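See structure below.
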Amino acid sequence: MTDWTAYFTELDQLPAPMRATLLRDSRRLKFPAGTRLFGPGQPAGYLLLLISGRIRVTQMSETGREVVLYRVGAGESCVLTSACMLAYDDLAAEGVAETALQAIGIPRATFDEMMALSAEFRGFVMRAWSRRVTDLLSLIDDIAFQRIDLRLAARLLAMVEGDTVRATHQQLATELGSAREVISRALSEFQRRGWIEQARGELRLIDRPALENLTQGAER
């Protein structure tokens, strides 16, 4: 297999024998957009390292509310799969290919061997974990303590292309870990103020400075 470790700055520093083991045992994977890569209750058969594309990882509550936990981008690993491999536990969330993607799959046996023998590989896995835990703590803080209108305004600004956000109320609710009804009420208020216009499956930002002022007011 072609040496893919150059896509991952920490792995390309591995000693030659360790890197050779990875290249020998890993699999190059390709998935079209929309592919369900893993789901709750499934075992983690390999560690996913993303060369290109994007994975969306979500979790469903007992009440049926879905929330986006994080996204995996090029040059990153999916920490959920590494956590489950370390704990020999089944997965508790769902991963979907948000775009077409290319990835490397490191099988469990190779993962276990590398974790036991390579301090560099352990560092790669644990640093990825540290970064993601920080992201998840920030997400918990947002959901628990931040006003939904502020979070919604920030999300619209992050998603806008030109002046249009292509997303349904339910998709926005999933992004923010909220209920569709809550998002619909907030969007209706934004529209009443003349900040947005709504259409089926999308909305247009009419007054972007007003949305920016709303989010900046939360930061002060």
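Values in this document were obtained by computation on a predicted structure and should not be read as measured data.
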Should [X] and [Y] be regarded as members of a common hydrophobic cluster, given that ILVMFWY residues are connected when their side-chain heavy atoms come within less than 4.5 Å of each other, either directly or indirectly?
X: Met60; Y: Val96; answer: no
X: Met85; Y: Met115; answer: yes
X: Leu203; Y: Leu157; answer: yes
X: Ile148; Y: Leu214; answer: yes

- Between the side chain of Thr164 and the main-chain N/O of Val160, is any donor-acceptor distance below 3.5 Å? no
Could you list the donor-acceptor pairs under 3.5 angstrom formed by side chains in residues 134-142, with sequence neighbours left out?
unit_1, atom_1, unit_2, atom_2, d
Thr134, OG1, Ser130, O, 3.1
Asp135, OD2, Arg132, NH1, 3.4

- Who pairs with Ser188 by side-chain contact (heavy atoms from CB on, under 4.5 Å), at least two apart in sequence or on another chain? Gln198
- Counterpart residues, salt bridge (charged side-chain N to carboxylate O under 4.0 Å, His left out), relative to Asp12 (two or more places apart):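 Salt bridge (charged side-chain N to carboxylate O under 4.0 Å, His left out) list for Asp12, sorted by chain: empty.
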- Message: Suppose we screen for salt bridge (charged side-chain N to carboxylate O under 4.0 Å, His left out). Which residues come up paired with Arg192, at least two apart in sequence or across chains?
- Response: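 Residues passing salt bridge (charged side-chain N to carboxylate O under 4.0 Å, His left out) with Arg192: Glu189.
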Interatomic spacing from [atom1] in [X] to [atom2] in [Y] - rounded to 0.5 Å:
X: Ile106; Y: Tyr46; atom1: CD1; atom2: OH; value: 12.0 Å
X: Arg28; Y: Ile104; atom1: CZ; atom2: CD1; value: 4.5 Å
X: Leu47; Y: Phe111; atom1: CG; atom2: CZ; value: 6.0 Å
X: Ile196; Y: Leu211; atom1: CD1; atom2: CG; value: 7.5 Å
X: Leu14; Y: Met114; atom1: CG; atom2: CE; value: 5.0 Å
X: Ile183; Y: Leu176; atom1: CD1; atom2: CG; value: 5.0 Å

- Do Ser26 and Trp4 pass the side chain to side chain contact (heavy atoms under 4.5 Å, CB included) test, and can you show the C-alpha distance, the side-chain angles, and the key distance before you say yes or no? CA-CA 10 Å; Ser26 60; Trp4 47 263; 3.1 Å; yes
Minimum heavy-atom separation for [X] to [Y], with atom names?
X: Leu152; Y: Ala186; result: CD2-CB, 3.6 Å
X: Thr215; Y: Ala153; result: CG2-CB, 3.7 Å
X: Ala103; Y: Leu50; result: CB-CD1, 3.9 Å
X: Ala167; Y: Met159; result: CB-CE, 3.8 Å
X: Val79; Y: Trp129; result: O-NE1, 3.6 Å

Looking at side-chain heavy atoms only, is the closest gap between [X] and [Y] below 4.5 Å?
X: Ile55; Y: Leu37; result: yes
X: Val165; Y: Glu202; result: no
X: Asn213; Y: Gln216; result: yes
X: Asp207; Y: Pro209; result: yes

List the atom pairs, donor and acceptor, that lie under 3.5 Å between side-chain atoms in residues 64-76 and the rest of the protein, sequence neighbours left out.
unit_1, atom_1, unit_2, atom_2, d
Glu66, OE2, Thr58, OG1, 3.0
Tyr70, OH, Leu80, N, 3.1
Arg71, NE, Glu98, OE1, 2.8
Arg71, NE, Glu98, OE2, 3.3
Arg71, NH1, Glu175, OE1, 3.1
Arg71, NH2, Glu98, OE2, 3.0
Arg71, NH2, Glu175, OE1, 3.4
Arg71, NH2, Glu175, OE2, 2.4
Glu76, OE1, Gly73, N, 2.7

- Query: Which salt bridge (Lys or Arg N to Asp or Glu O under 4.0 Å) pairs, counting each pair once, include a residue from residues 118-128, with sequence neighbours left out?
  - Reply: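 Every salt bridge (Lys or Arg N to Asp or Glu O under 4.0 Å) pair that includes a residue of residues 118-128, provided the two are not neighbours, is Glu10-Arg127.
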- Message: Assess the residue pair Arg19 and Asp3 against the criterion (salt bridge (charged side-chain N to carboxylate O under 4.0 Å, His left out)); give the C-alpha distance rounded to whole Å, side-chain angles, the decisive distance to 0.1 Å, and a yes or no.
- Response: CA-CA 9 Å; Arg19 195 164 66 252; Asp3 189 348; 3.6 Å; yes
- Derivation and outcome, side chain to side chain contact (heavy atoms under 4.5 Å, CB included), residues Leu101 and Lys30: CA-CA 6 Å; Leu101 59 85; Lys30 293 184 179 181; over 6 Å; no
- Matching residue for Leu49 among Cys78, Ser77, Ser82 - test: side chain to side chain contact (heavy atoms under 4.5 Å, CB included): Ser77
Please collect all side-chain hydrogen bond (donor to acceptor under 3.5 Å, both in side chains) contacts where either partner lies in [range], sequence neighbours excluded, each pair once.
range: residues 176-187; result: His169-Ser184
range: residues 33-45; result: Arg36-Glu94
range: residues 101-117; result: Asp25-Thr110, Tyr88-Asp112

- Task: Could you check Phe121 against Met18 for side chain to side chain contact (heavy atoms under 4.5 Å, CB included), going step by step and ending with a plain yes or no?
- Result: CA-CA 9 Å; Phe121 187 81; Met18 295 291 99; over 6 Å; no
- Message: Please enumerate all residues that pass ring-ring contact (aromatic ring centres under 6.0 Å, His included) together with Phe190, with sequence neighbours excluded.
- Response: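 Scan of Phe190 (ring-ring contact (aromatic ring centres under 6.0 Å, His included), adjacent residues dropped) gives Trp195.
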- More than 12 heavy atoms of other groups within 6.0 Å of Tyr7 OH: no
- Item | Residues which pass side-chain hydrogen bond (donor to acceptor under 3.5 Å, both in side chains) with Gln59, listed by chain and number, not counting sequence neighbours |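 side-chain hydrogen bond (donor to acceptor under 3.5 Å, both in side chains) check on Gln59 returns nothing, list empty.
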- side-chain hydrogen bond (donor to acceptor under 3.5 Å, both in side chains) involving Arg166 - partner list, sequence neighbours excluded: none
